[in-house]
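Some notes on the structure that comes next.
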Amino acid sequence: MNLEDKPIIPSPMMKDNHSAPAAQESVLEIWGRASLKGHVKISGAKNSALAIMAGSLLCPEDCRLRNVPSLVDIGMMGEILSALGVKLERIDDTLEIDARHLNGSTAPYELVSKLRASFFALGPLLARLGEVRIPLPGGCAIGARPVDLHVRGLQAMGAEVHIEHGVVHAFIKGTGSKRLKGTKIYLDYPSVGATETIMMAATLAEGETIIENAAREPEITDLAGFCRAMGAQIRGDGTNTIIVNGVPSLHAVDYPVIPDRIEAGTFLVAGAITQSELLISPVVSDHLIPVIAKLNEMGCQVIAEDANSLRIIPGHLRATDIETLPYPGFPTDMQAPFVALLTLAEGNSAIAETVFENRFGHVPELNRMGADIRVKNNIALVRGVPILSGAPVMATDLRASAALVLAGLAADGKTTIRGLHHLDRGYENLEDKLRLLGAKLHRVPADAETEEDNTSVVENQLAQVAQ
Ligand code: UD1
């Protein structure tokens with residue numbers, strides 16, 4: 001195909017409603033080693049928005065969420081809520097949600113199996129309706145991801161839970177008010193999802209629920225803030241003991257989602273890996289403390305320009321060791337981007353993944369680009385190399401796909417990334433944002449890849465797209 005004829009595909013975005021965009025078979029081509037410059041606007045946090053959308057099921061009045069990113073995962077959560085009887089309307093980054101009339105349906109398995117976060121509907125639906133059926137989400141590319149902690153928490157609050165034919169059926173026994181009962185729940189592990197499920201369910205329970213060894217992630221605090229704005233009585237979020245005093249009902253709310261700390265971290269790494277100075281905002285820099293600490297250790301400076309902005313000033317990259325941990329430890333969602341960065345650092349690094357058991361799908365792909373990484377059990381050993389070389393690679397999960405984009409930005413020559421549906425789940429407008437900074441990349445149909453020696457023609461074409 002003549003290059004000029006080749007269609008450039010915009011990254012899938014939700015337009016004016018909540019529905020997910022149609023999947024397109026396409027690849028992302030990146031011509032590496034362009035230096036980047038400028039400011040990046042960080043979108044609302046995907047994981048906060050997903051939990052808060054589930055939390056909106058608690059609300060029998062109008063619910064307005066602002067700063068909601070336009071992503072495939074958000075679209076899928078919207079479809080699940082619609083299937084449960086919720087009315088949704090999206091205007092720009094605002095989502096109007098009306099969950100007055102829930103129809104008591106089971107969330108469709110096809111959607112739940114694609115979006116694990118849809119399981120977060122379990123707690124709010126049980127608390128509000130007294131009975132819920134929701135399919136088990138199943139495994140995913142990064143691990144088995146059981147839901148035992150969610151289920152045990154709800155059982156401790158008096159719910160009867162049966163798992164039959166792959167569906168969780170939970171109900172509150174007895175007649176009358178059908179409210180869960182507050183109690184003390186110790187989580188064996190500070191699971192983000194289980195903390196969210198129990199905290200949401202407890203908002204409408206009778207009496208006090210104490211969640212011990214709770215997750216402390218900023219997304220938990222954001223969900224708690226959303227619930228409080230609806231009249232819930234929650235304290236201690238952001239610490240490992242969350243106390244919820246149940247109320248009989250919640251009310252209308254207008255709430256902005258926090259900035260996405262993982263997207264922000266990914267752009268900080270983009271600055272470091274391309275040796276480019278970048279300004280990112282809005283951010284909550286406290287949410288990025290472990291990421292900033294590791295960038296500092298590696299020789300980069302990260303400066304707070306003001307309360308909401310961070311500037312990365314890259315330096316000569318040095319190796320470091322990383323262990324992923326629950327917040328405030330180093331986030332597992334930043335592990336893959338940092339592995340990409342460490343491939344180009346001087347010296348040897350060890351990265352231990354302790355949160356998920358199978359989260360090194362990016363390693364063989366990075367090795368195809370000339371990286372020197374070996375994985376032993378849950379540890380990736382990275383020997384820094386002076387340069388990566390562009391290659392065809394396959395994204396295996398969301399953060400692995402971000403790692404490949406980052407590596408492609410730094411690599412010599414062309415990198416072609418397949419499996420873009422992973423990337424589209426979690427990064428709003430990533431390609432446009434990178435192009436605005438000066439990166440050379442575009443999305444084309446899988447059968448229309450650009451030949452290696454056509455770089456100058458592509459540059460012309462990209463220049464036209466940018467106008
Ligand atoms: C959330 C985030 C994800 C992030 C993760 C850890 C969303 C939509 N996703 O996922 O991006 O990587 O937190 O920060 O918010 N576990 C159990 N039993 C359970 C629940 C969890 O054993 O009932 C285990 C999991 O298998 C995993 C670990 O706990 O090994 C952490 O999982 P969890 O914190 O629950 O992550 P998610 O909420 O699934």
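Atoms within each ligand, like the ligands themselves, are counted from 1 in listed order.
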Fill in: Under 3.5 Å side-chain donor-acceptor pair for T396 and H422
no
Practice prompt. Name the orientation class of the two ring planes belonging to F338 and F330 (parallel below 30°, tilted from 30 to 60°, perpendicular beyond 60°).
Written response: perpendicular
Worksheet item: Touching ligand 1 at all, R359? Heavy atoms, strictly under 4.0 Å?
Response: yes
Worksheet item: Under a heavy-atom criterion of less than 4.0 Å, does H150 contact ligand 1?
Response: yes
Practice prompt. Could you tell me whether some N/O pair between F356 and ligand 1 is separated by less than 3.5 angstrom?
Written response: no
Item to complete: Establish, from distance only, whether the side-chain atoms of T324 and Q335 form a donor-acceptor pair under 3.5 Å.
Response: no
Discussion item. Between K87 and E96, does any side-chain N to carboxylate O distance fall below 4.0 Å?
Written reply: no
Worksheet item: Does A117 reach ligand 1 with a nitrogen or oxygen that is under 3.5 Å from one of the ligand's nitrogen or oxygen atoms?
Response: no
Fill in: D73/K114 under salt bridge (Lys or Arg N to Asp or Glu O under 4.0 Å): CA gap, chis, key distance, verdict
CA-CA 9 Å; D73 272 12; K114 284 189 206 142; over 6 Å; no
Worksheet item: Quick one: does P190 get an N or O within less than 3.5 Å of an N or O on ligand 1?
Response: no
Worksheet entry | D188, CG: over 12 other non-hydrogen atoms inside 6.0 angstrom | yes
Discussion item. I'd like to check which ligand 1 atoms, numbered from 1 as shown, lie under 4.0 Å from a non-hydrogen atom of R116.
Written reply: 39 (O)
Practice prompt. Output yes when the distance from some N or O of ligand 1 to some N or O of E196 is under 3.5 Å, and no in every other case.
Written response: no
Worksheet item: So is there a nitrogen or oxygen of K46 less than 3.5 Å from a nitrogen or oxygen in ligand 1?
Response: no
Worksheet item: Does the N or O separation between E357 and ligand 1 drop below 3.5 Å for any pair?
Response: no
Worksheet entry | Per atom 28 (C) of ligand 1, closest listed option by heavy atom (Y327, F119, Y189) | Y189
Worksheet entry | Polar side chain donor-acceptor pair, Y255 to D222, under 3.5 angstrom | yes
Worksheet item: Quick one: which ligand 1 atoms are inside 4.0 Å of a heavy atom on L149?
Response: 18 (N), 19 (C), 23 (O)
Practice prompt. Heavy-atom distances under 4.0 Å are what count here, so tell me which part of D148 touches ligand 1: side chain, backbone, both or neither.
Written response: both
Worksheet item: For ligand 1, which atoms have a heavy atom of G193 less than 4.0 angstrom away?
Response: 35 (O), 38 (O)
Worksheet item: Strictly under 4.0 Å, does any heavy atom of P146 approach an atom of ligand 1?
Response: yes
